Amino acid sequence: MELETRAVAVNEKGLIGIVRYKLSADEDEIILRTIEAGICGTDKDLAMGNLPQLKLPPGQDYLIIGHECKAEVYKAPPDSSFKEGDIVVPMVRRGCGICRLCKLGMPEYCESGEFKELGIIGVNGCFSEFFKDELSALIKVPKGVEDVAVLAEPLSGLEKAMDQILSFQRGRIPWRCDDGSMNCRKVLIIGTGPIAFLFAMLAKSNGFNNIYISNIRELRKDEIILVNTLDLKFYNSKDGYLQLYKEIGPFDLVFDTTGLPSVAAEVLQYMNYNSVLLLYGFPRKDDTGILRPKIMNEIVYKNLGIIGSVTGPKWGFEAALNHLASWKSQYPTVLDIFLKTKISFDEIPDYLKRPKFNEIKVIIDFNK
Ligand SMILES: [Zn+2]
Ligand SMILES: [Zn+2]
């Protein structure tokens, strides 16, 4: 089967634009039709030529980007577990096939560095009207969550990050409070982007109820609604975190979405004994942060855990879809705000060139 399709392509220098190409598939291959896709910072970095990890697929002089996808099975191979019309989301990280962890089905912890990533490293992504993918990389979306499934990818990586935090703590101390809840634990989320708010919802679903979210500017209208609906507390961090520390005391869990070493170095001074800093952001600005001896001393003396985390495993996508299903009834306003800005396929190049979005999330609607 062969069909002509349009897609958004980049090379090492950045955005090429919309390309047309012929997609051909054998009998045993699956063809997917993209329904929705999310744009994230990685896509913008790719469009600006600012992502050194980028790898073109073998034999191709461009890469089709897009990794936050919701797609419909357009042609299913006979005798597969998929059928035409099924709604699926693809995983991003693909195992190297060489290292021990990839062989165990855990490409999110790949140890060879030879992994691939959909729309980023060596595999064409879903900013394409139609695309092909490996059957093993697809997760079927259960009925009832199809309308919010485009958020499964960004949430899948957070499921893994939360699992890392909880497993790490479980391995060393009883982290629950005296009443058996997590209510005494103070969480600080640095940043107010989509990842920050998704993490806040996930933290709530894991029992954390004392959550601060921060930015160096005042909140926009939608962000205020999210903060209020999720019962978070906003802190303006333009003068640093000392004031917050003085008001509420040391933080038990800090989740960073900014990737700025100076911010991490500062908050490390205000953390509780046996607390965790999870680093999730990639630096997008130059920064001069360094770990001074005083901060190193804090890390050692207080048994601080500093954990990095990237990409979502298959179980993370499944957990994400389950959480989204419950958030549909718990936080409908929040999901509405996440999904309200829909652009058409033709508008993608324009949006990719924008340095910043004012919207919480921008979704491409391929039916628009
Ligand atoms: Zn992304
Ligand atoms: Zn590997």
Side-chain angles (χ1 to χ4, degrees), residues 93 101 106 108-111 154-191 193 195-214 232-233 235 237 240-242 244-245 248-283 287 289-313 315-316 319:
R93 177 73 68 92
L101 284 149
M106 300 172 74
E108 71 278 15
Y109 288 108
C110 178
E111 291 180 328
L155 185 54
S156 69
L158 298 174
E159 299 279 356
K160 176 198 172 201
M162 181 59 87
D163 181 63
Q164 281 181 268
I165 295 164
L166 297 176
S167 316
F168 177 69
Q169 291 298 69
R170 208 173 287 131
R172 59 178 196 161
I173 51 159
W175 205 30
R176 290 194 175 276
C177 312
D178 289 351
D179 63 354
S181 76
M182 296 303 281
N183 293 339
C184 67
R185 297 294 171 210
K186 282 170 235 148
V187 180
L188 169 65
I189 298 170
I190 302 173
I195 291 297
F197 283 109
L198 284 173
F199 186 79
M201 282 191 270
L202 187 59
K204 287 183 73 76
S205 292
N206 278 278
F208 295 94
N209 283 308
N210 202 355
I211 306 174
Y212 290 78
I213 192 162
S214 70
L232 313 174
K233 281 151 270 193
Y235 175 75
S237 57
Y241 289 90
L242 178 61
L244 181 62
Y245 170 70
I248 67 164
F251 317 126
D252 295 289
L253 170 60
V254 178
F255 183 86
D256 176 66
T257 67
T258 67
L260 294 174
S262 58
V263 177
E266 199 213 347
V267 293
L268 279 166
Q269 303 172 77
Y270 307 135
M271 294 188 59
N272 207 350
Y273 287 90
N274 311 321
S275 58
V276 178
L277 165 64
L278 194 125
L279 302 175
Y280 202 78
F282 293 101
D287 189 274
I290 45 164
L291 288 182
R292 299 181 184 285
K294 180 177 170 286
I295 302 168
M296 287 287 277
N297 191 62
E298 287 285 290
I299 297 170
V300 176
Y301 198 66
K302 291 187 170 164
N303 304 303
L304 300 189
I306 303 175
I307 305 176
S309 189
V310 68
T311 210
W315 68 258

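What you are looking at is a predicted structure, and each value in this text was computed from that prediction instead of being measured.
- In this structure a side-chain-to-backbone donor-acceptor pair under 3.5 Å is present from Asp287 to Ser262.
- Contact check for Leu253 versus Trp175: side-chain heavy atoms found under the 4.5 Å cut-off.
- To the nearest 0.5 Å, atoms CG (Leu268) and OG (Ser275) are separated by 8.0 Å.
- Leu198 has its side chain within reach of Met201: a pair of non-hydrogen atoms, C-beta onward, lies under 4.5 Å apart.
- In summary, the aromatic rings of Phe199 and Phe255 are positioned with their centroids under 6.0 Å apart.
- Taking NZ of Lys233 as the start and CG of Leu244 as the end, the distance is 10.0 Å to the nearest 0.5 Å.
- Residues Tyr280 and Leu158 form a side-chain contact, since some pair of their non-hydrogen atoms from C-beta on lies under 4.5 Å apart.
- Note: Gln169 CD to Asn274 CG = 7.0 Å, rounded to the nearest 0.5 Å.
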Item to check | Check against side chain to side chain contact (heavy atoms under 4.5 Å, CB included), Glu298 and Met271 | outcome: CA-CA 9 Å; Glu298 287 285 290; Met271 294 188 59; over 6 Å; no

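- Put simply, the side chain of Cys184 does not reach to within 4.5 Å of the side chain of Asp178, judged on heavy atoms.
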Next on the checklist: The test is side chain to side chain contact (heavy atoms under 4.5 Å, CB included); show your working for Leu304 and Leu277 and say whether it passes.
Outcome noted: CA-CA 8 Å; Leu304 300 189; Leu277 165 64; over 6 Å; no

Item to check | Arg172 and Asn303: CA distance, side-chain angles, deciding distance, side chain to side chain contact (heavy atoms under 4.5 Å, CB included) verdict | outcome: CA-CA 10 Å; Arg172 59 178 196 161; Asn303 304 303; 3.8 Å; yes

Next on the checklist: Before you tell me yes or no, could you show the steps for Phe168 and Leu278 under side chain to side chain contact (heavy atoms under 4.5 Å, CB included), namely the whole-Å CA-CA distance, both residues' side-chain angles and the distance that decides it to 0.1 Å?
Outcome noted: CA-CA 11 Å; Phe168 177 69; Leu278 194 125; over 6 Å; no

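- In this pair, Phe251 and Tyr245 present their aromatic rings perpendicular. The plane angle is above 60°, beyond the 30 to 60° band.
- Listed for the Glu108 side chain is no donor-acceptor partner under 3.5 Å among the backbone atoms of Arg93.
- Residues Ser309 and Ala161 approach most closely at OG-CA, 3.6 Å, considering heavy atoms.
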Next on the checklist: Go through it in stages, so that I can follow the logic: the residues are Tyr212 and Tyr235, the test is ring-ring contact (aromatic ring centres under 6.0 Å, His included), and I'd like the CA-CA distance, side-chain angles, deciding distance and then a yes or no.
Outcome noted: CA-CA 7 Å; Tyr212 290 78; Tyr235 175 75; 7.9 Å; no

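- With hydrogens and angles disregarded, a donor-acceptor distance shorter than 3.5 Å links the side chain of Thr257 to the backbone of Ile190.
- Looking at every heavy atom in both residues, Gln164 comes nearest to Gly308 through NE2-O, 3.4 Å.
- One distance of note links CZ of Phe197 with CD1 of Ile189; it measures 8.5 Å at 0.5 Å rounding.
- The two residues Gly191 and Ala196 make their nearest non-hydrogen contact at O-CB, 3.1 Å.
- The closest side-chain heavy-atom distance from Leu188 to Tyr270 is not below 4.5 Å.
- What you find for Ile295 and Leu291 is that their closest heavy atoms are CG2-CD2, 3.9 Å.
- Glu159 contributes no side-chain N or O that, together with a main-chain N or O of Pro313, makes up a donor-acceptor pair within less than 3.5 Å.
- What you find for Arg185 and Asn272 is that their closest heavy atoms are NH1-ND2, 4.3 Å.
- Nearest heavy-atom pair across Lys204 and Asn209 is NZ-OD1, 3.9 Å.
- Between Ser214 atom OG and Asp256 atom CG the span is 8.5 Å, to the nearest 0.5 Å.
- Within the model, atoms NZ of Lys294 and CD1 of Ile299 stand 11.0 Å from one another, a figure rounded to the nearest 0.5 Å.
- Although no hydrogens or angles enter the test, the distance criterion places a donor-acceptor pair under 3.5 Å between the side chain of Asn206 and the main chain of Leu202.
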